[in-house]
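Every chain is numbered from 1 and lettered A, B, ... according to where its sequence line falls, protein lines coming before strand lines.
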Number of protein chains: 2
Amino acid sequence: MARLAKVSKKTVSRVINDSPFVRGETRERITAIMSELGYTPDPQARGLAFRRSFLIGLVYDNPSSQYVIDMQQGILDAVRELGFELIVHPCNRRQPNFLAEVRSFVERQKLFGVVLPPSVSEDEELNKALIEVGCPYTRIASISLDEPARMVVTHDHRGAAEAARHLADLGHRRIAFISGPDMFRSSHERRRGFAQGLADRGLKLQPKYIKEGAYTFESGIACAKKLLAMDAPPTAIFAGNDEMAAGVYRAAREAGLEIPRDLSVVGFDDSAICSKVWPPLTSVLLPIREMGRIAATKLLVEGGLRERIEHPEVSPTLVVRQSTAAHREA
Amino acid sequence: MARLAKVSKKTVSRVINDSPFVRGETRERITAIMSELGYTPDPQARGLAFRRSFLIGLVYDNPSSQYVIDMQQGILDAVRELGFELIVHPCNRRQPNFLAEVRSFVERQKLFGVVLPPSVSEDEELNKALIEVGCPYTRIASISLDEPARMVVTHDHRGAAEAARHLADLGHRRIAFISGPDMFRSSHERRRGFAQGLADRGLKLQPKYIKEGAYTFESGIACAKKLLAMDAPPTAIFAGNDEMAAGVYRAAREAGLEIPRDLSVVGFDDSAICSKVWPPLTSVLLPIREMGRIAATKLLVEGGLRERIEHPEVSPTLVVRQSTAAHREA
DNA sequence: CTGAAAGCGCTTACAG
DNA sequence: CTGAAAGCGCTTACAG
């Protein structure tokens, strides 16, 4: 204990925890000694005494590695300077012991809080369990599912609407949508937004031009094949994510269509593949790292370690590349 | 304490830590009670007393998200059942405080051990620091840099050699290599293996057909452009990783070349893009998840929690897809 | 504003 | 093979 060099260890503890009951002078003296000795309080001991650790959990069940990595970075951006660490907890919602497993994880580790990206964020059972064990959380989802203090809403529908208007403005009329799986909120939100965007331009999203995929490359191929085999095939396709959009590329190639000359394509996620496929894919960008930062900051606010947040809002943006072009009369 | 229901708390502790000094009957009785009550020892308290936590660290500075995610999974495959958790620690080797930062991280958290994938695994400074603070580690690298108990060797050269023989067997003679950056061990290993593989077929890797890239898409484009602009351009290119191979695709397209008819391409990593580009990319697969599993298991062995490992060896495999074809006389 | 006591839930020596 | 004591490094009430 740096106390030998100074006062008592109780006061040191007060300094560490930013207690107001320390004289300015005393605080400065102690702070100086601490940084001189390179002293850092032991997180395990603190955790034991607090009955709460300094660990943030990221519980995810997400197919996209880039999403997870970006989110991890964002969370760390927010909490690293405070000495928090990030425990990652991949899991599988379809596994029977999923709930019990996650629950025991957060309970055992006495997590400071957990960040829940889709689709675990949409699991109401899990949510109830977290409340029961008293573990703070932030849910990230396309629409609000909880009180604002515990949500990061990504407003996917806005990005989808922008994509729709973009295609409409290029003169397309036969416009198709490949949705994600029904069990994902984002599938519905992206579809809703897309329909709304078309409506903004006086167009309608026709049911026959809607196919349900699974957010996978293969499902993108399958859906696109069906669409392109129609009597009046679409001249533009909006895929619910980039994976499926890449599948549309494949199907278009097999059908002998050239993108964007014969078919315009838009994806969602603005992932790494967008710039690697040819032509580069127009896509909707979600600021994932920023979302992670905000989610973690909300945990800090809830824990009383931060006052409030600067930019608590997040919104998708359409990144126009070369996979979309003006409609050409056949 | 479950002691009320039974003996003393000391004995319970003995059971938890697998001490041999407990009678079989007593042990069974206690184990039964524990699982009945759903009792799990508090990792923070245990850590405090042990002066060592039950946390594994993954320190990485890696551009590929898929790599990191797979490795995380592999580590968890090995340690989850023992109640360990995984703390991720992305970092930047080029940052001036890199060493001090990582060091303070492992020291503060009293990590049970850390897993070091490339390129942090190749940092001798960091290695020294870890030894100084007494933190166990496993290094993952293309060649052996440490005692076997602390290494997972990926033998990249073998995979590169296989790629070379594959191209040679297809009849190619003007074969080029785009290397990764000089500071990565893997760059040299892949180059060495590739040269060896060509030598196995009586061919020579000509210096003029070697270009140094940076493991990025853009550098792949740049290097490929130079190669394809040569008087006697290569008919096959082996890129040091898939990112750069995707860059080769782009350059080939701009040069009006069709893959694999006019140019065969091989990548390294067998990443997700392989199956999404057209034609699907032939690539060298490294079993990353398995590597993570082995690395973590070695940490457990070192900690005395596991006897030994089943399959401690790992080797690359060539996955042949449609980006390579027999050489066509011009 | 500051200190002496008791405790967080476990463990390691030390005795039986 | 099993138990009573002291301690891991911090914190929370409780007194001054």
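- Remark: C1' of C:dG9 and CD of A:E107 are 15 Å apart, rounded to the nearest angstrom.
- Every residue two or more places apart in sequence or in another chain that forms a side-chain contact (heavy atoms from CB on, under 4.5 Å) with B:E147 is listed here: B:R150.
- Of all heavy-atom pairs spanning A:K298 and A:P148, the tightest one is NZ-O, 2.9 Å.
- When rounded to the nearest whole Å, the span between CZ of B:R51 and P of C:dT12 equals 9 Å.
- The side chain of B:Y39 contributes an N or O atom lying less than 4.0 Å from OP1 or OP2 of C:dC10.
- With rounding to whole Å, B:F50 atom CZ is found 20 Å from C:dC8 atom P.
- In this structure, CZ of B:R52 is placed 16 Å from P of D:dG9, rounded to the nearest angstrom.
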>> Expected output check: what is the dot-bracket annotation of DNA chain C, where ( ) and [ ] are pairs inside the strand (brackets for crossing ones), | is paired with another strand, and pairs are Watson-Crick or G-U under 3.5 Å?
In response: |||.||||||||.|||
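- In this structure, the side chains of B:L86 and A:I87 stay at 4.5 Å or more apart for every pair of heavy atoms.
- Regarding B:D42, its CG atom lies at a distance of 18 Å from the P atom of D:dC8, rounded to whole Å.
- Remark: B:D42 engages A:K110 in a salt bridge, criterion side-chain N to carboxylate O under 4.0 Å.
- Between the CG atom of B:L48 and the P atom of C:dG9 there is a distance of 12 Å, given to the nearest Å.
- A:E125 meets the side chain to side chain donor-acceptor pair (under 3.5 Å) test with no other residue; sequence neighbours excluded.
- Separating the CZ atom of A:R14 from the P atom of D:dA13 is a distance of 13 Å, rounded to the nearest angstrom.
- Between B:K110 atom NZ and D:dC10 atom C1' there is a gap of 10 Å when expressed in whole angstrom units.
- Using a 4.0 Å cut-off, some side-chain N or O of A:R46 falls inside it from OP1 or OP2 of D:dT11.
- Residue B:A45 places its side chain closer to C:dG9 than to any other of C:dC8, D:dC8, C:dG9.
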